[in-house]
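Below: the structure, in C-alpha cells.
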Amino acid sequence: MINHVWGLLAHPDREWQQIRREGETVGHFFAHHVAFLAAIPVVASLVGTTTFGWRFGGGEAHVLDLPTAVVLAVISYALIMAAVVAMGHVIHWLARRYPDRPSANRCILFAGYVATPMLLSGLVGFYPLVWLCAIAGIVGLAYSAYLLYTGIPSFLNIDQREGFIMSGSTLAIGVLVLEVLMATTVLMWGYGPELFG
C-alpha cells in the first residue's frame, strides 16, 4: 500500500530512483499513498480531541463532541489532499524555466512523497498537546525539506545546483502553505464547538 514510506525515511536517494522508475499515476498514488497518510493526522486528531481534548499550555482541555470532530476531520482531510495538489502545481510552475521540465503529474507525485514525514508527524495528535504537536511538526518539516533537496535532482531530473535554488523556493512556499493549514487546523480543532456548535 504505502511501500515507499520506509525507503524515503531510511535511504531517500535510492528510493527516489525507485519511485522514478515505477512511473506511478496520480490516481494510483492518491489511492495508495496520500489517502492513507493524510488520514493519520486526521484520525489521530479525531481520537485525541474527543478523548483527551486540546491542551493549550497548562489550562483546561478543550474536548470536542464526536459529531463536531467528524465534521472537522472531513474538512481537515480535504484540506490536506488539496494542499498536496497545490504544492505539486507550485513545483511544476517553479520548474517552468528548466529544459526538461517535469510534468504536472510528476510534480504532484513529488509533493505527496515529500509530505510523507509531515503527515507521519501527525501521529502525535492522539494526545494533542500544542507544544508536542509543534515539536513533531518541526521534525517532520525538517525531514520533508531534506527529501525535497534530495529528490529534486534525482526524481525531477533538475541539476543539483539549480535544484538547490528551486528547493529553497519550494520550501518557502511550502512553509507558507503549511502555516495556513496549521492555523486553520488549530482554529478548527481547538475552537470547533464555537465555530460549528
Side-chain angles (χ1 to χ4, degrees), residues 1-5 8 24-54 56 62-94 103-128 130 132-134 136-141 143-145 147-148 170-197:
M1 183 189 286
I2 53 169
N3 55 336
H4 295 295
V5 171
L8 287 170
E24 189 174 23
T25 66
V26 171
H28 182 270
F29 171 66
F30 267 82
H32 292 90
H33 187 86
V34 178
F36 177 76
L37 286 177
I40 291 173
V42 171
V43 170
S45 295
L46 175 73
V47 171
T49 57
T50 56
T51 306
F52 302 107
W54 272 106
F56 299 95
H62 298 277
V63 179
L64 300 182
D65 61 82
L66 188 59
T68 300
V70 169
V71 169
L72 296 174
V74 170
I75 294 169
S76 296
Y77 190 76
L79 287 172
I80 292 169
M81 300 291 260
V84 169
V85 173
M87 283 308 302
H89 287 293
V90 165
I91 293 166
H92 185 250
W93 180 77
L94 288 171
S103 69
N105 287 345
R106 180 176 285 277
C107 292
I108 292 170
L109 292 174
F110 182 66
Y113 281 121
V114 165
T116 297
M118 287 188 295
L119 295 173
L120 288 173
S121 72
L123 282 168
V124 298
F126 280 113
Y127 193 68
V130 172
L132 181 62
C133 292
I138 289 168
V139 170
L141 178 62
Y143 202 81
S144 287
L147 288 180
L148 180 68
T170 304
L171 186 60
I173 295 169
V175 166
L176 180 62
V177 169
L178 179 63
E179 286 175 0
V180 169
L181 193 60
M182 286 176 64
T184 305
T185 301
V186 167
L187 284 174
M188 287 189 327
W189 288 99
Y191 300 101
E194 291 84 5
L195 295 173
F196 298 99

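- Here Ser144 pairs with Val114, Pro117, Met118 under the side-chain contact (heavy atoms from CB on, under 4.5 Å) rule; sequence neighbours left out.
- Ser45 places no side-chain N or O within donor-acceptor distance of the main-chain N or O of Val42, the cut-off being under 3.5 Å.
- Proximity of Val90 to Val177: side-chain heavy atoms (C-beta onward) are nowhere separated by under 4.5 Å.
- Every residue was checked against the side-chain contact (heavy atoms from CB on, under 4.5 Å) condition with Ile138, not counting sequence neighbours, and none meets it.
- Closest heavy-atom contact between Leu120 and Ile40: CD2-CD1, 3.8 Å.
- Of all non-hydrogen atoms in Ala73 and Leu46, the two that sit nearest each other are CB-CD1, 4.4 Å.
- Evaluation of the side-chain contact (heavy atoms from CB on, under 4.5 Å) rule for Val175 yields Leu141, Leu171, Glu179 as partners, not counting sequence neighbours.
- Ile91 CD1 to Leu148 CG: the interatomic distance, rounded to the nearest 0.5 Å, is 6.5 Å.
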In residues 103-110, what donor-acceptor pairs under 3.5 Å come from side-chain atoms, sequence neighbours left out?
unit_1 : atom_1 : unit_2 : atom_2 : d
Ser103 : OG     : Arg106 : N      : 3.1
Arg106 : NH1    : Phe155 : O      : 3.2

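- Nearest heavy atom pair, residue Leu94 against residue Thr170, reads CD1-OG1, 3.3 Å.
- In terms of the ring-ring contact (aromatic ring centres under 6.0 Å, His included) criterion, residue partners of Phe29 (sequence neighbours excluded) are, by chain and number, His33, Tyr113.
- The CG atom of Leu64 lies 10.5 Å from the OG1 atom of Thr51; values are rounded to the nearest 0.5 Å.
- The heavy-atom pair separating Ala111 from Val84 by the smallest distance is CB-O, 3.7 Å.
- Sorted pairs that involve residues 74-93 and meet ring pair (Phe, Tyr, Trp, His ring centres under 6.0 Å), not counting sequence neighbours, are lacking altogether.
- When the side-chain contact (heavy atoms from CB on, under 4.5 Å) test is applied to Ala136, the partners found at least two apart in sequence or on another chain are Ser121, Val124.
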